There are 2 protein chains.
Amino acid sequence: MKVGNQEYQTIWMDQEAKKVCFIDQTLLPFNFEIKSTDCSTDLITAIQTMQVRGAPVIGICGALALVLALKNNTSTDHIIDMAQKIIQARPTAVNLAWAVNRVQESVLSQAEHKREQFAWDYVSELMEDDIRNNYQIGINGNTLIPPGKEKPFNILTHCNAGWLATVDHGTALSPIFQAHKEGKNIHIWVDETRPRNQGLLTAWELQQYDIPHTLIVDNAGGALMMNDQVDLVIVGADRISINGHVCNKVGTYLKALAARAHQIPFYVAAPLSTIDQNFKEDVNFAIEDRDSKEVTRLYGLSDEGSLVHVNYPQVKVANPAFDITPKELISGIITEKGIFKPNELKAIYE
Amino acid sequence: MKVGNQEYQTIWMDQEAKKVCFIDQTLLPFNFEIKSTDCSTDLITAIQTMQVRGAPVIGICGALALVLALKNNTSTDHIIDMAQKIIQARPTAVNLAWAVNRVQESVLSQAEHKREQFAWDYVSELMEDDIRNNYQIGINGNTLIPPGKEKPFNILTHCNAGWLATVDHGTALSPIFQAHKEGKNIHIWVDETRPRNQGLLTAWELQQYDIPHTLIVDNAGGALMMNDQVDLVIVGADRISINGHVCNKVGTYLKALAARAHQIPFYVAAPLSTIDQNFKEDVNFAIEDRDSKEVTRLYGLSDEGSLVHVNYPQVKVANPAFDITPKELISGIITEKGIFKPNELKAIYE
């Protein structure tokens with residue numbers, strides 16, 4: 001997608017140099033910086049520190065970490081060991097385990113001397129799939145947005161499920177980009193999304209396309225909904241149970257409750273790879289409790305324009321990273337194969 | 001209440017010097033600083049800039065501004081003019097209009113040469129009433145908190161409705177101080193409360209008394225409630241309609257919805273002066289849309305410990321300051337006269 005006048009993906013291969021390049025998202029929207037590495041450990045760190053973030057692209061980044069790990073050692077033991085290490089980087093992201101396990105399985109089916117080149121080709125295809133799937137999520141989700149009219153159609157989104165959270169196009173924002181491309185009259189309410197303020201990433205993406213948007217604190221959504229200022233909610237997902245429950249960035253659940261109270265449609269946009277087929281319990285995700293510094297250390301620009309931080313005073317903090325939105329609150333799940341009701345997911349796999 | 005080993009009120013009179021002293025809350029919890037002034041305009045500015053904040057103490061501060069305004073001019077026209085100016089400082093706070101109108105009416109009933117001294121005495125009584133009422137709110141609200149047991153009783157609160165929001169004792173925190181004094185085993189979840197982060201004030205108040213507490217982002221409450229980690233919610237109020245609807249800091253409504261979804265009792269603590277008897281419509285408060293800089297300019301400490309700020313990049317912001325929690329979501333309203341169901345408020349005035 002566009003950054004200024006240039007086209008970028010969030011992450012890409014430089015096969016000739018056997019390197020992986022990615023946009024460092026911890027610096028956005030303050031600084032736009034590309035990192036490149038030939039070392040799988042750097043990509044594991046990138047996942048842990050959220051230089052690369054967003055469920056779908058975490059999967060791709062993990063797959064690429066496994067590719068880089070094959071550079072000097074293509075033995076079965078090494079591959080299994082590295083795959084485990086990579087999956088542990090972010091326990092909640094089912095896409096990570098999904099992608100890494102797929103690469104591991106396919107690579108192990110090859111003779112040792114073929115494994116490295118095979119892995120590059122295989123993950124290249126995964127990346128193409130991600131791009132195609134997200135684009136299709138945009139086409140499918142766009143059907144929920146009415147054609148242009150005088151009053152703008154107001155869509156609220158939480159966190160960043162834009163192209164930065166995928167290889168390209170995004171999930172929750174993909175229908176928004178598509179609607180804008182078709183000239184529909186839309187306005188986006190962007191949740192700030194404490195503690196890591198990913199709303200600033202969403203605002204930054206929308207700015208590149210001049211899509212009208214307004215940043216709000218996470219507390220404001222209920223008041224806006226009560227005041228008839230929200231027509232539709234679209235969020236992404238980190239993990240979707242086969243039963244239709246959705247694990248996403250903490251705070252999603254509060255917006256789903258408010259949307260229900262005001263009969264506002266609440267949609268989740270995610271590729272089918274986000275669905276955890278093994279997960280059949282009701283509420284049993286391994287929720288990360290992340291570093292308290294995410295809450296107490298705030299980044300921004302000084303009045304002179306340099307990237308700086310400030311700290312809260314000493315205080316005990318709890319920082320659950322995700323919450324679960326029960327299927328009862330979800331109008332539908334927008335996937336590359338169409339829009340499904342939560343209880344229709346099981347049938348996809350039958 | 002205690003700051004370190006000293007006792008303070010949020011605001012107090014120095015009658016001899018004809019001055020008003022107050023704690024500058026824009027600097028807390030980073031710096032503890034007392035301001036004093038003999039000029040009513042300074043107190044209006046203190047209300048507008050939130051050096052003095054919290055519905056009950058805004059009322060007192062407005063009353064004191066009117067007292068100071070009588071220094072050189074006790075004419076009826078001047079008093080009416082100044083009272084109007086003061087009330088406009090924060091349109092949502094019903095206590096402000098309530099207190100200023102009471103002072104105006106009483107002062108105008110006096111002969112001109114008696115008005116100034118009368119005003120000092122009258123507001124002194126209002127302040128004593130505030131202290132007594134809030135203390136009684138603590139006694140009444142404490143009945144909702146079970147006596148000490150092995151597992152701590154978890155109370156979630158939003159914004160700061162502690163002693164800093166009143167002359168003394170607080171509203172939502174008053175029952176918590178009382179329960180702690182009686183040795184009950186409690187733990188407080190403190191909402192950060194973006195955009196102005198008043199949760200830091202609440203944490204600071206609780207720290208002075210070693211009351212166990214944990215700061216969370218505003219997004220986290222739903223996940224905690226789903227996970228059975230919240231036993232009771234208590235918040236303050238900026239305005240309560242005679243019908244029982246509650247206008248409070250933005251984000252209150254989202255917590256009320258979540259509390260209802262998990263059958264967690266949701267209480268509002270406020271003196272009867274917060275009730276707007278003239279307000280009978282359902283949803284018709286004058287909600288302030290405050291400065292976008294409250295969202296995009298963040299205060300904290302540098303690594304070296306000095307108070308500094310950082311800025312978000314240029315972005316369009318909406319900043320509704322309050323929301324409305326419908327009476328259906330409110331278990332009860334804790335007042336100085338007892339705990340009432342929302343639909344019992346009307347009977348108090350009959």
Side-chain angles (χ1 to χ4, degrees), chain A residues 29-30 158 189-195 197 200 203-204 207 212-224 226-227 249-255 257-258 260-261 283 287 292 295-303 307-313 315-320 322-324 326, chain B residues 29-30 158 189-195 197 200 203-204 207 212-224 226-227 249-255 257-258 260-261 283 287 292 295-303 307-313 315-320 322-324 326:
Chain A
F30 307 106
H158 188 69
W189 294 111
V190 179
D191 270 1
E192 179 185 38
T193 318
R194 289 279 293 145
N197 304 348
L200 297 182
W204 181 81
Q207 272 163 21
H213 63 280
T214 304
L215 185 78
I216 49 172
V217 296
D218 303 304
N219 284 321
L224 295 176
M226 182 175 275
N227 207 19
K249 183 61 54 193
V250 72
T252 301
Y253 174 43
L254 293 170
K255 296 302 142 62
L257 284 166
R260 172 55 49 97
V283 178
I287 300 279
S292 65
V295 177
T296 61
R297 205 173 174 86
L298 307 165
Y299 288 85
L301 299 172
S302 71
D303 287 344
L307 181 58
V308 289
H309 66 265
V310 296
N311 306 298
Y312 280 172
V315 61
K316 193 182 159 216
V317 167
N319 184 20
F322 301 96
D323 63 24
I324 291 155
Chain B
F30 307 106
H158 189 70
W189 294 111
V190 179
D191 269 1
E192 178 184 38
T193 319
R194 289 279 294 145
N197 303 348
L200 297 181
W204 181 82
Q207 272 164 21
H213 63 279
T214 305
L215 185 78
I216 49 172
V217 295
D218 303 304
N219 284 320
L224 295 176
M226 182 176 274
N227 207 20
K249 182 61 53 195
V250 72
T252 301
Y253 174 43
L254 292 171
K255 295 302 142 63
L257 284 167
R260 172 55 49 95
V283 179
I287 300 282
S292 66
V295 177
T296 61
R297 205 173 173 85
L298 306 164
Y299 288 84
L301 299 170
S302 71
D303 286 344
L307 181 58
V308 290
H309 67 264
V310 297
N311 305 300
Y312 280 173
V315 62
K316 193 182 158 216
V317 168
N319 184 21
F322 301 96
D323 63 24
I324 291 155

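All values below were derived from every heavy atom in this structure, side-chain atoms included, with hydrogens, water molecules and symmetry-related copies excluded. Per chain, numbering begins at 1; letters A, B, ... match sequence-line order. A quick note: this is a predicted structure, and the numbers were derived from the prediction, not measured.
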Kindly indicate whether the side chain of B/Lys316, heavy atoms from C-beta on, has any atom under 4.5 Å from the side chain of A/Pro212. no
Pick whichever of B/Thr193, B/Asn197, B/Leu224, B/Asn319 has the most heavy-atom pairs under 4.5 Å with chain A. B/Asn197
Applying a strict 4.5 Å limit to non-hydrogen atoms, the region of B/Leu200 in contact with chain A is side chain
Applying side-chain hydrogen bond (donor to acceptor under 3.5 Å, both in side chains), can you list everything that pairs with B/Asn219, at least two apart in sequence or on another chain? A/Asp218
Which bit of A/Arg260 comes within less than 4.5 Å of chain B, counting heavy atoms only: side chain, backbone, both or neither? neither
Got a second to check how far A/Ile324's CD1 is from B/Asn227's CG, nearest 0.5 Å? 8.5 Å
Mind checking side-chain contact (heavy atoms from CB on, under 4.5 Å) for A/Val315 and listing every partner two or more places apart, or none if nothing turns up? A/Thr296, A/Val317, B/Ala203, B/Gln207, B/His213, B/Leu215
Residue part contacting chain B, namely of A/Ala261, when any heavy atom lies under 4.5 Å: side chain
Select one option (side chain, backbone, both, neither) describing which atoms of B/Asp303 are under 4.5 Å from chain A's heavy atoms. both
Atom group of B/Trp204 that falls short of 4.5 Å from chain A, counting heavy atoms: neither
In terms of heavy-atom pairs under 4.5 Å with chain A, the winner among B/Ile216, B/Asn311, B/Val250 is B/Asn311
Which answer fits A/Ser302, side chain, backbone, both or neither, if we ask what part of it has an atom under 4.5 Å from a heavy atom of chain B? backbone
Side chain from CB out, backbone as N, CA, C, O: work out which of these in A/His158 comes under 4.5 Å of a heavy atom of chain B, or both, or neither. side chain
From OH (B/Tyr312) to CZ (A/Phe30), nearest 0.5 Å: 7.5 Å
Option that, when pairs with chain B are counted at under 4.5 Å, heavy atom only, ranks first among A/Pro326, A/Ala258, A/Pro313: A/Pro313
Is B/Ala318 close to chain A through its backbone or its side chain, or both, or neither, when contacts mean heavy atoms under 4.5 Å? both
Given the options A/Val190, A/Leu257, A/Thr252, A/Asp191, which has more heavy-atom pairs under 4.5 Å with chain B than any of the others? A/Leu257
In short, A/Asp323 meets B/Ala223 closest at the heavy-atom pair CB-CB, 3.7 Å
Measuring from atom CZ of A/Arg194 to atom CZ of B/Arg194, what distance do you get when rounded to the nearest 0.5 angstrom? 6.5 Å
